[in-house]
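Here the structure comes first, spelled out in structure tokens, and everything after it is commentary.
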Number of protein chains: 2
Amino acid sequence: MVTLAEVAQHAGVSASTVSYVLSGKRSISATTRQRVEQSIRELGYHPNAGARALASNRSNIIALMVPLRTDMYVPVMMEIAIAVATTARTHGYDVLLLTGEEGPDAVRRVTGSGLADAMILMDVELEDERLPLLRQTDQHSVLIGLPADPNGLTCVDLDWSATGALCVEHLAGLGHRDIAVIGEAPAVYERHTGFAERTLDGLRSWARASGVRVLHRPCEGGYDAMALTLARIFDERPGTTGFVVQNESAVEPLLALLRQQGRAVPEDVSVVAICPDQVAVQASVRLTSVAIPAQEMGRHAVEHLVAKLDGRGDDDVVLLAPELTVRASTGPAPAAS
Amino acid sequence: MVTLAEVAQHAGVSASTVSYVLSGKRSISATTRQRVEQSIRELGYHPNAGARALASNRSNIIALMVPLRTDMYVPVMMEIAIAVATTARTHGYDVLLLTGEEGPDAVRRVTGSGLADAMILMDVELEDERLPLLRQTDQHSVLIGLPADPNGLTCVDLDWSATGALCVEHLAGLGHRDIAVIGEAPAVYERHTGFAERTLDGLRSWARASGVRVLHRPCEGGYDAMALTLARIFDERPGTTGFVVQNESAVEPLLALLRQQGRAVPEDVSVVAICPDQVAVQASVRLTSVAIPAQEMGRHAVEHLVAKLDGRGDDDVVLLAPELTVRASTGPAPAAS
DNA sequence: CTGAAAGCGCTAACAT
DNA sequence: ATGTTAGCGCTTTCAG
């Protein structure tokens, strides 16, 4: 293993000079710099991460806590994770992957051991048990998701409430008066995941304001569950002409069932999805949708974190504005029959 | 920050004793151990990761390289990643998340810096450019996926060739004579991803042996691409009654299109999928399928790696046996019309 | 069964 | 603009 000292010797300079060439923390004459860089290349030197972390008290690692359960938009999680990893690299950080399994203990462990300089938490619940710890230790962190009380925390999320409102606004604008919302699995609501409840709030308050009715039904994924849910919806509200779907694994079943029942999309019923663009485009009907900006969320989270670590920090909440893309699944409400 | 020295002082023992209590590398009297453990708890001590890595030359971190691209079955990747992370934790390791973006450089960086003790590579191509590096450095590693030449490497993978054979065996056993294979996107074959080509090999050689015909068509995901592909298949082989699908985003479109064309599953055509069980179960027809054992692959990979790190190593190739579950999408071939 | 002490490779004062 | 040096907190000989 090549050490800094060996590089220094090879280049005929002191250890600190090599260190400073690497860090750029003080000015080095061009010729010295070149000699050192040359030696580094020739010897194939790589700074030792452990030694660096010990001496500098910085690991250059960001911990990312992903949820253990996979009952949600897995591809979205993955996309966020990848965005976090690549963005982190551009800032000189690596990413440590933690699953939710350890729970709050993981926070203690990582904080206490100095394994990571900061952490990003995904899938934050409204009353998340990890939050008290984050507040009391002065661990730098960013949440992807918005808890009930974001005070003293930095959060990045899609503005779910605005997302819900946007969906209703679009449908109401097309003349739909009875809207059904196909939601996530009941478990998602039960554990008070912020995004699900906030979407609902946005949906309902815009509905109230614009005089349309919304009926919300959680739904497990899959064909059978969707069939049941759909039957109940039409049973209760036969006049339903608009759908908002926030459940990736219900999208295709819903379309198939509507087709099967002879309800044409968008002539008879309109469907707005809240899902990644890829899903909207690949569906059997190209779906009007509000995209989930996974990459931006990951990128924002890292950039905020790096800013904090560099002392340019600011505890605040960033809500990304939703964007609705009109595709082939929505149209004017049919004349009342 | 609490240090080992402080714990030692608090417990009235020397630093080394505390260290040995932690590592268990030499025997400690019960009373001493308890005093030390007590102090550790009272002071809330966490060993410093950097110092530990520096002194022991072990980081207790495993690097996991995931593919950057997301044109494949993302949930499988995620499931593997999570299985890797949780299994690693049970062995005292953390996981560093690397994207394929850096390519072979990441291998050098991680190896050279001692950031990780070992690495797991996913999405290995037949002639993967990272492999020469792995062979020449004595970096411990495990591949998830099987390259063309696994010599000197440890690999874990599903036995894709047997998987292909199993699918054909099942369909041929039911009397199907003309089988169409809906494959992954062309790009997947072009970059010579092992699993895709091996599945095909297995499919074809069993077909040859059992006297059935197979027609292979790669397919981009989605409804439109599937429609085109299906039309071409029936055009070329009107007598096709069996399908093997190895492309998650083609599954539901295929079922929908068959339904739409009045071909009943499984009465008129049978479908076998190669996909995670969850997909098979949630599809609009419960699919006979060969499962992709994501969790086992992740678990195996970690356990092999840990064995190697502990000197119990063995460079070898572990191919997991495929299992076919019969569900509602396959049945006897219809009498020739 | 326990202590003392020598580093591990690097960073960051403190010098000059 | 560069060199010297004192640690960072832990592991692990070497010595009892």
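Residue numbers start from 1 in every chain, and the chains themselves are labelled A, B, ... in the order their sequence lines are given, proteins ahead of strands.
Heavy atoms of A:Ser23 sit nowhere under 4.0 angstrom from any nucleic acid atom. Within the 4.0 angstrom heavy-atom criterion, base atoms lie near B:Ser16. Using a 4.0 Å heavy-atom cutoff across all strands shown, B:Ser19 reaches at least one base atom of the nucleic acid.
Here the nucleotide nearest the side chain of A:Arg26, chosen from C:dC10, C:dC14, C:dC1, is C:dC14. Side-chain proximity of A:Ser56 to the nucleotides D:dG9, C:dC10, C:dA12 is greatest for C:dA12. The listed nucleotides are D:dT12, C:dC10, C:dC1; the one nearest the side chain of B:Ser29 is C:dC1. Here D:dC10 is the nucleotide among D:dC10, C:dT11, D:dG9 with the atom lying nearest to any side-chain atom of B:Pro47. For A:Ser14, counting side-chain heavy atoms from C-beta on, the closest listed nucleotide (C:dG9, D:dC10, D:dT4) is D:dT4.
Residue A:Asn57 contributes atom CG, which lies 7 Å from atom P of D:dG9 at whole-angstrom precision. Between the CZ atom of B:Arg33 and the C1' atom of C:dT2 there is a distance of 13 Å, rounded to whole Å. With rounding to whole Å, A:Leu22 atom CG is found 11 Å from C:dT11 atom C1'. What separates CG of A:Asn60 from P of C:dG9 is a distance of 20 Å, to the nearest Å. In this structure, CG of A:Asn48 is placed 14 Å from C1' of C:dG7, rounded to the nearest angstrom. Distance, A:Leu4 CG to D:dG3 C1': 13 Å, rounded to whole Å. What separates CZ of A:Arg35 from P of D:dA1 is a distance of 15 Å, to the nearest Å. The separation between B:Gln9 atom CD and C:dA4 atom P is 12 Å, rounded to whole Å.
The base of D:dG9 is not paired with the side chain of A:Arg52 by any donor and acceptor separated by under 3.5 Å. For D:dG3, its base never sits under 3.5 Å from the side chain of A:Thr17 at any donor and acceptor pair.
Donor-acceptor pairing under 3.5 Å is recorded for the side chains of B:Thr17 and B:Ser14.
Using a 4.0 Å cut-off, no side-chain N or O of A:Lys25 falls inside it from OP1 or OP2 of C:dT11. Side-chain N/O atoms of A:Tyr45 include one lying less than 4.0 angstrom from OP1 or OP2 on C:dC10.
In terms of modelled atom types and a separation under 3.5 Å, the side chain of B:Thr99 and the main chain of A:Ile82 share no donor-acceptor contact. The backbone N or O of A:Tyr93 sits nowhere less than 3.5 Å from a side-chain atom of A:Asn60 that would complete a donor-acceptor pair. For B:Thr90 (side chain) and B:Thr87 (main-chain N/O), a donor-acceptor pair under 3.5 Å exists by modelled atom type. Distance alone, capped at 3.5 Å, places no donor-acceptor pair between the B:Glu303 side chain and the B:His300 backbone.
Contact check for B:Leu22 versus B:Ile40: side-chain heavy atoms found under the 4.5 Å cut-off.
Along DNA chain D, the nucleotide nearest to B:Gly50 and the one nearest to B:Tyr20 differ in position, and the one closer to the 5' end is contacted by B:Gly50.
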